[in-house]
Participant: 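I have a structure I would like to understand better, so I am pasting it below and will then ask my questions one at a time.
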Number of protein chains: 2
Amino acid sequence: MPSRVPQERSRRRPTRSGVLLSEDLIVETALRLIGEHGPEALSVRRLGAALGCDPSALYRYFHDTDDLVLAIADRLIGDAMDGFEPGGDWVASLRETALRVRAGYLAHPRAAALAAHRVTRRKNEIRAVETGIGLLMSAGFETATAVRLYLAFIDTVLSHAATDAAFAALPRQQREADQRAWRDVYQDLDPEEFPALTAARGALPGMADSAFEDAVDLLLEALAARAPASRRKRTDTARRPVRPADRPESADPADG
Amino acid sequence: MPSRVPQERSRRRPTRSGVLLSEDLIVETALRLIGEHGPEALSVRRLGAALGCDPSALYRYFHDTDDLVLAIADRLIGDAMDGFEPGGDWVASLRETALRVRAGYLAHPRAAALAAHRVTRRKNEIRAVETGIGLLMSAGFETATAVRLYLAFIDTVLSHAATDAAFAALPRQQREADQRAWRDVYQDLDPEEFPALTAARGALPGMADSAFEDAVDLLLEALAARAPASRRKRTDTARRPVRPADRPESADPADG
DNA sequence: CTCTTGCGTCAATGCTGTTGACATAAGGGG
DNA sequence: CCCCTTATGTCAACAGCATTGACGCAAGAG
């Protein structure tokens with residue numbers, strides 16, 4: 001079977017039930033399906049039924065289900081970062097990125113659980129990586145360092161967001177049981193064996209909260225401390241955080 | 001069908017091929033299967049074949065496959081932290097905790113990926129929390145702060161480890177495609193639209209690596225900077241908590 | 001020795017992703 | 001305007017998945 005996934009479609013044909021398929025429509029329907037009935041509700045057959053087409057029609061739009069999952073993941077990124085413009089303060093911009101990603105994941109917790117750990121290699125992700133690395137380069141980090149630190153940053157953000165989303169996707173009963181555990185199970189321990197827990201008894205219910213913001217703030221503190229350039233707000237460059245030509249220091253051999 | 005999973009078995013019968021089934025044997029065989037033939041090799045049918053019994057016999061021991069996965073994960077936790085003793089250097093101890101957790105997860109990625117976002121309130125976890133909070137309190141943090149910061153630390157460790165495990169648990173094809181993406185797709189971009197990515201072109205394949213150690217180190221740096229007690233180096237421990245900003249790769253020889 | 005019943009086995013159900021063959025209509029070329 | 005190419009929706013089939021009800025053997029109690 002030759003290339004079932006063409007890029008442009010001129011000869012669009014309505015399905016038996018009258019629907020005009022499109023990549024966007026499929027992704028949106030998949031998101032709705034997952035949101036309503038959980039990630040395990042996403043199957044080619046069910047998606048076909050929800051769209052009103054034969055399941056195999058989807059293979060005209062996506063190479064396989066993984067391809068579809070990546071499209072969903074990229075859509076989440078796009079929605080989360082929609083309208084974001086990096087400002088002059090790179091720390092503040094990274095912080096907003098983190099908060100946006102988390103909010104976007106929490107808006108579709110069950111889809112996020114499916115998509116969180118993938119590299120989508122699609123346009124929305126590429127744009128986000130461009131912005132993030134650009135921010136770190138504007139902070140004065142040398143390119144290779146900027147790449148490594150961006151990876152540490154975005155992986156922390158993504159994996160924390162995934163954790164929060166996975167928790168939010170739990171059925172209410174189980175979620176509340178998890179929270180209660182910190183009150184109940186951990187409150188009645190032998191002080192001899194568990195001195196620290198006993199001393200911290202009153203603060204333990206806080207373990208049920210999300211550590212997302214604390215973790216991000218700690219990470220940004222460390223990044224700011226390592227940054228060559230001052231973290232001071234820049235007055236001039238509002239839109240483009242960095243251009244290859246006028247980066248503060250370093251001659252870059254990679255630039256032809 | 002009444003309770004297919006009794007706790008004690010007195011009437012054990014050998015399988016057609018002569019094997020005496022047990023919960024432990026099943027868990028061990030499952031781990032061996034995953035280790036030898038990759039994460040996707042774990043299915044009820046294959047496990048039955050590897051054990052020399054009918055697949056359905058497993059349902060006498062585990063309620064369903066998820067139950068089996070949890071049993072596997074429970075063993076992982078115990079194995080990972082087995083023999084750990086916190087030392088005098090709280091930063092080094094937290095660092096070792098992080099590395100142990102990650103190693104334990106990576107040893108059996110599929111089980112880890114499935115169980116990572118769940119909190120087992122079992123003995124091993126309780127001991128780990130006790131140790132961790134105790135370490136932060138020994139650093140001079142006030143108890144409530146110690147609890148919050150420990151949460152930020154352990155959540156970062158767990159969610160990063162989950163990310164790494166999820167990646168390792170991907171089918172080989174998808175895993176390699178994800179890695180290739182940083183080489184291929186990200187190499188051929190419009191320099192006008194993506195200046196930072198273009199400048200960082202040569203360093204992008206590094207995005208396929210794990211950010212685990214970088215993230216943990218950044219977090220520990222921030223914790224050390226916030227610690228009330230002096231973070232001056234202790235004479236007895238060799239491991240330095242803070243690493244230089246631009247180390248090439250983690251080639252850390254064994255401790256002692 | 002007999003009887004109960006735990007437990008391994010068999011067969012069947014209804015999912016899943018995927019694909020090769022087929023039918024049909026869209027839309028460009030003459 | 002009509003024909004022809006071919007993109008695209010449909011159908012049927014395959015292999016593999018988890019799960020379960022019925023069945024029967026044999027282990028161990030009495």
Side-chain angles (χ1 to χ4, degrees), chain A residues 1-26 29-30 33-34 37-72 114, chain B residues 1-26 29-30 33-34 37-72 110 114 170-174:
Chain A
M1 187 171 318
S3 145
R4 296 191 91 152
V5 191
Q7 46 282 52
E8 297 182 12
R9 350 196 128 240
S10 52
R11 294 163 70 167
R12 308 182 59 202
R13 177 149 61 132
T15 184
R16 168 173 290 279
S17 61
V19 187
L20 258 189
L21 293 180
S22 73
E23 194 169 318
D24 279 346
L25 178 62
I26 295 173
T29 307
L33 215 60
I34 295 172
H37 307 296
E40 62 277 6
L42 183 62
S43 80
V44 182
R45 285 171 152 80
R46 262 193 281 248
L47 187 49
L51 281 161
C53 71
D54 189 90
S56 62
L58 302 174
Y59 290 88
R60 302 280 181 208
Y61 293 83
F62 301 96
H63 182 262
D64 52 23
T65 45
D66 191 56
D67 197 22
L68 170 61
V69 167
L70 292 184
I72 294 173
L114 209 60
Chain B
M1 187 170 320
S3 141
R4 297 191 91 151
V5 191
Q7 46 279 60
E8 297 183 12
R9 357 195 122 238
S10 52
R11 294 163 72 166
R12 310 180 60 202
R13 176 149 61 129
T15 185
R16 167 172 291 277
S17 61
V19 186
L20 259 190
L21 292 180
S22 74
E23 193 168 318
D24 278 346
L25 178 62
I26 294 173
T29 305
L33 213 59
I34 296 172
H37 307 296
E40 59 273 9
L42 183 61
S43 81
V44 182
R45 285 171 151 79
R46 264 191 280 247
L47 186 49
L51 281 162
C53 70
D54 189 271
S56 63
L58 302 175
Y59 291 89
R60 302 279 181 208
Y61 292 84
F62 301 97
H63 182 261
D64 53 22
T65 45
D66 194 55
D67 197 20
L68 168 62
V69 167
L70 287 184
I72 294 172
R110 173 132 197 254
L114 291 181
L170 284 177
R172 167 194 290 213
Q173 252 181 342
Q174 294 172 23

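This structure is a prediction, so every number in the text was calculated from the model and none was measured. Every chain is numbered from 1 and lettered A, B, ... according to where its sequence line falls, protein lines coming before strand lines.
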Participant: Taking the nucleotide of DNA chain C with the nearest heavy atom to each, does A:A41 or A:H63 sit closer to the 5' end?
Facilitator: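 Per heavy-atom nearest nucleotide, the more 5' residue is A:A41.
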Participant: Give a yes/no answer on whether the side chain of A:R46 brings an N or O atom under 4.0 Å of OP1 or OP2 in C:dT16.
Facilitator: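 Indeed, a polar side-chain atom of A:R46 lies that close.
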Participant: Tell me yes or no: between the side chains of B:S56 and B:D54, is some donor less than 3.5 Å from an acceptor?
Facilitator: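 Per modelled atom types, B:S56 and B:D54 side chains form a pair under 3.5 Å.
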Participant: Can a side chain N or O of A:T15 be found less than 4.0 Å away from OP1 or OP2 on D:dT10?
Facilitator: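 Looking at the OP1 and OP2 atoms of D:dT10, one of them is under 4.0 Å from a side-chain N or O of A:T15.
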Participant: Could you check whether any side-chain N or O of A:R46 sits under 3.5 Å from a backbone N or O of A:E40, counting only pairs where one atom can act as donor and the other as acceptor?
Facilitator: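 Yes, the answer is positive, given that a donor and an acceptor are paired below the 3.5 Å cut-off.
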Participant: Could one point to a donor on the side chain of A:R11 or the base of C:dG27 with an acceptor on the other under 3.5 Å away?
Facilitator: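 Between C:dG27 and A:R11, which were checked side chain against base, a qualifying N/O pair under 3.5 Å is absent.
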Participant: Just so I know, are the side chains of A:L68 and A:L58 near enough to count as touching, which here means a heavy-atom distance under 4.5 Å?
Facilitator: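 A side-chain contact is absent here, since even the closest heavy-atom pair is not under 4.5 Å.
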Participant: Starting at atom CG of B:L51, determine the distance to atom P of C:dT9, rounded to an integer number of angstrom.
Facilitator: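 Atom CG in B:L51 sits about 11 Å away from atom P in C:dT9.
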Participant: Take atom CD of B:E23 and atom C1' of C:dC7, then tell me their distance rounded to the nearest Å.
Facilitator: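 Going from B:E23 (CD) to C:dC7 (C1'), I get 15 Å.
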Participant: For A:L21, does its backbone N or O pair with a side-chain atom of A:R12 as donor and acceptor, under 3.5 Å?
Facilitator: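 Between the backbone of A:L21 and the side chain of A:R12 there is a qualifying donor-acceptor contact (under 3.5 Å).
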Participant: Indicate whether OP1 or OP2 belonging to D:dT19 is found under 4.0 Å from a side-chain N or O atom of B:T65.
Facilitator: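 For D:dT19, OP1/OP2 do have a side-chain N/O of B:T65 under 4.0 Å.
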Participant: Do the side-chain N or O atoms of B:Y59 get closer than 4.0 angstrom to the phosphate oxygens (OP1, OP2) of C:dG8?
Facilitator: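 Looking at the OP1 and OP2 atoms of C:dG8, neither is under 4.0 Å from any side-chain N or O of B:Y59.
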Participant: Would you confirm whether A:T29, through its side chain, and A:L51, through its main-chain N or O, come within 3.5 Å as a donor-acceptor pair?
Facilitator: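 A pair under 3.5 Å: no.
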Participant: Kindly say if B:S43 contacts the phosphate of D:dC17, meaning a side-chain N or O under 4.0 Å from OP1 or OP2.
Facilitator: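 The answer is yes; a side-chain N or O of B:S43 sits under 4.0 Å from OP1 or OP2.
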Participant: Would you state whether a donor and an acceptor, one from the side chain of B:R12 and one from the base of C:dG6, lie under 3.5 Å apart?
Facilitator: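 No, no donor-acceptor pair under 3.5 Å.
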Participant: Quick one: is A:R9 getting a side-chain N or O under 4.0 Å of the D:dT8 phosphate, OP1 or OP2?
Facilitator: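 Yes.
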Participant: Determine whether a donor-acceptor pair (one donor, one acceptor, N or O, separation below 3.5 Å) exists between the side chain of B:R60 and the base of C:dG8.
Facilitator: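 When only heavy-atom distances are counted, B:R60 does reach the base of C:dG8 through a donor-acceptor pair under 3.5 Å.
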Participant: Whole Å only: how far is the CZ atom of B:R13 from the C1' atom of C:dT4?
Facilitator: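 My rounded result for the distance is 13 Å.
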Participant: Select base, sugar-phosphate, or nothing to describe what A:R45 touches, counting heavy atoms under 4.0 Å on all strands.
Facilitator: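 Answer is base: heavy atoms of A:R45 come under 4.0 Å of a base.
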Participant: What nucleotide, of C:dT18, D:dT10, D:dA26, holds the atom closest to the side chain of A:A57?
Facilitator: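 Nearest to the side-chain atoms of A:A57, counting from C-beta on, is D:dT10.
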Participant: Separation of A:E40 atom CD from C:dG14 atom P, in whole Å?
Facilitator: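 That distance rounds to 20 Å.
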